**Student:** 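One structure follows; several queries about it will come next.
Quantities reported herein were computed from a predicted structural model and do not represent experimental measurements. Every number for a ligand or one of its atoms is a count from 1 in the order of the listing.
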Amino acid sequence: MTPIIPSSSKLEILISAGEISGRVNALAGEIAQKLPSDLMIVSLLRGSFVFTSDLIRALHMAGTGSIWPQIDFMTLASYGRGTTSSGTIEVVRDMTEKVDGRDVLIVDDILESGRTLAYARDALMQRNAKSVQVAVLLEKPGKRKVDITADFVGFVIPDKFVVGYGLDYANYYRELPYIGVVTP
Ligand code: 5GP
Ligand code: MG
């Protein structure tokens with residue numbers, strides 16, 4: 001597939017920076033209420049780094065001293081990705097912290113087929129995490145190929161390929177402060 005070169009593409013805003021920020025704060029409130037204070041956050045790279053960095057600061061504000069998350073990262077990839085998911089998930093870079101006996105919150109950018117999150121959840125359960133919950137910024141409904149539901153969802157979006165706020169196309173657009181749709 002030919003990469004869409006940012007300068008020659010049109011960007012449409014789907015979710016503004018202000019909307020994202022309001023929703024991330026609300027989500028942090030829910031998480032701070034429901035999850036234990038000694039929480040291990042596993043952020044799935046690369047797409048979720050922006051969401052994670054806003055979420056953990058919102059968690060601090062929402063929890064005001066009652067939630068003390070620890071953060072680690074895991075890079076997963078699925079083979080043959082264009083703008084649709086392929087089947088096989090691969091660990092590109094593993095986390096370094098131990099999760100046995102820990103309450104874990106996986107943070108990802110978007111839930112589509114569910115393969116990425118199901119893989120991560122199963123891997124962490126196999127490592128004897130005490131509990132594994134999932135927070136995603138975005139969810140595309142009706143696209144699930146495996147059985148997984150997110151415990152915390154920022155926005156349910158239409159079935160369009162979105163970029164920005166950490167999400168990429170060909171590693172472009174991650175820096176956008178909003179969620180957008182690209183047209184070449
Ligand atoms: P799943 O494994 O649930 O099919 O897909 C999850 C992963 O696919 C996400 O972490 C993300 O990397 C990628 N993905 C799915 N939909 C989109 C999209 O609309 N835009 C972008 N940039 N990535 C997507
Ligand atoms: Mg991803």
**Student:** Examine distances only and state if a side-chain atom of Arg102 and a backbone atom of Lys98 form a donor-acceptor pair shorter than 3.5 Å.
**Tutor:**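 Such a contact is absent between Arg102 side chain and Lys98 backbone.
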
**Student:** Just which atoms of ligand 1 are under 4.0 Å from any heavy atom in Leu167?
**Tutor:**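 Under 4.0 Å from Leu167, ligand 1 has these atoms: 20 (N), 21 (C), 22 (N), 23 (N).
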
**Student:** Measure from the ring center of Tyr178 to the ring center of Tyr165 and say whether it is less than 6.0 Å.
**Tutor:**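 No.
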
**Student:** Between Glu112 and ligand 1, does any nitrogen or oxygen pair lie at a separation below 3.5 Å?
**Tutor:**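 So ligand 1 has an N or O lying under 3.5 Å from an N or O of Glu112.
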
**Student:** Using modelled atom types and a 3.5 Å cut-off, is there a donor and acceptor pairing between side-chain atoms of Arg23 and backbone atoms of Gly154?
**Tutor:**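 Yes, Arg23 side chain to Gly154 backbone: donor-acceptor pair under 3.5 Å.
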
**Student:** For the side chain of Asp72 and the backbone of Glu97, is there at least one donor-acceptor N/O pair under 3.5 Å apart?
**Tutor:**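 Looks like yes, one N/O pair under 3.5 Å.
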
**Student:** Hey, are Ser131 and Asp103 close enough side-chain-wise for a donor-acceptor pair under 3.5 Å?
**Tutor:**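 There is such a pair between these side chains.
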
**Student:** Without swapping roles, check the side chain of Lys140 against the backbone of Lys160 for a donor-acceptor pair under 3.5 Å.
**Tutor:**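 Yes, the answer is positive, given that a donor and an acceptor are paired below the 3.5 Å cut-off.
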
**Student:** Within the structure, is a non-hydrogen atom of Phe161 found at a distance of less than 4.0 Å from ligand 1?
**Tutor:**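 The answer is yes: ligand 1 sits under 4.0 Å from a heavy atom of Phe161.
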
**Student:** Is Lys145 close enough to touch ligand 1? Criterion: a residue heavy atom under 4.0 Å from a ligand atom.
**Tutor:**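 Lys145: no contact with ligand 1 (<4.0 Å).
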
**Student:** Check whether any heavy atom of Gly114 sits under 4.0 Å from an atom of ligand 1.
**Tutor:**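 Yes.
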
**Student:** Find all atoms of ligand 1 within a distance of less than 4.0 Å from any non-hydrogen atom belonging to Ser113, and give their numbers and elements.
**Tutor:**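 With Ser113 as reference, the close atoms of ligand 1 come out as 1 (P), 2 (O), 3 (O), 4 (O).
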
**Student:** Between Ser43 and Ser48, does any side-chain donor sit less than 3.5 Å from a side-chain acceptor?
**Tutor:**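 Present: a donor and an acceptor within the cut-off.
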
**Student:** Heavy atoms only: which of Val146, Val162, Asp108, Asp109 lies closest to atom 20 (N) of ligand 1?
**Tutor:**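 Of the listed residues, Val162 has the closest heavy atom.
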
**Student:** At a 4.0 Å threshold, what atoms of ligand 1 neighbour a non-hydrogen atom of Asp168?
**Tutor:**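 With Asp168 as reference, the close atoms of ligand 1 come out as 21 (C), 22 (N).
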
**Student:** Mind checking whether Lys143 has a heavy atom under 4.0 Å from ligand 1?
**Tutor:**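 Checking ligand 1 against Lys143, which is what was asked, there is no heavy-atom contact under 4.0 Å.
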
**Student:** Could you tell me whether a side-chain N or O of Glu19 sits under 3.5 Å from a main-chain N or O of Ser16, the two making a donor and an acceptor?
**Tutor:**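 Here the side-chain-to-backbone pair exists.
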
**Student:** Short list, please: which atoms of ligand 1 are under 4.0 Å from a heavy atom of Lys160?
**Tutor:**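 In order of number, 19 (O).
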
**Student:** Does ligand 1 have any atom sitting under 4.0 Å from a heavy atom of Val163?
**Tutor:**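 False for this residue.
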
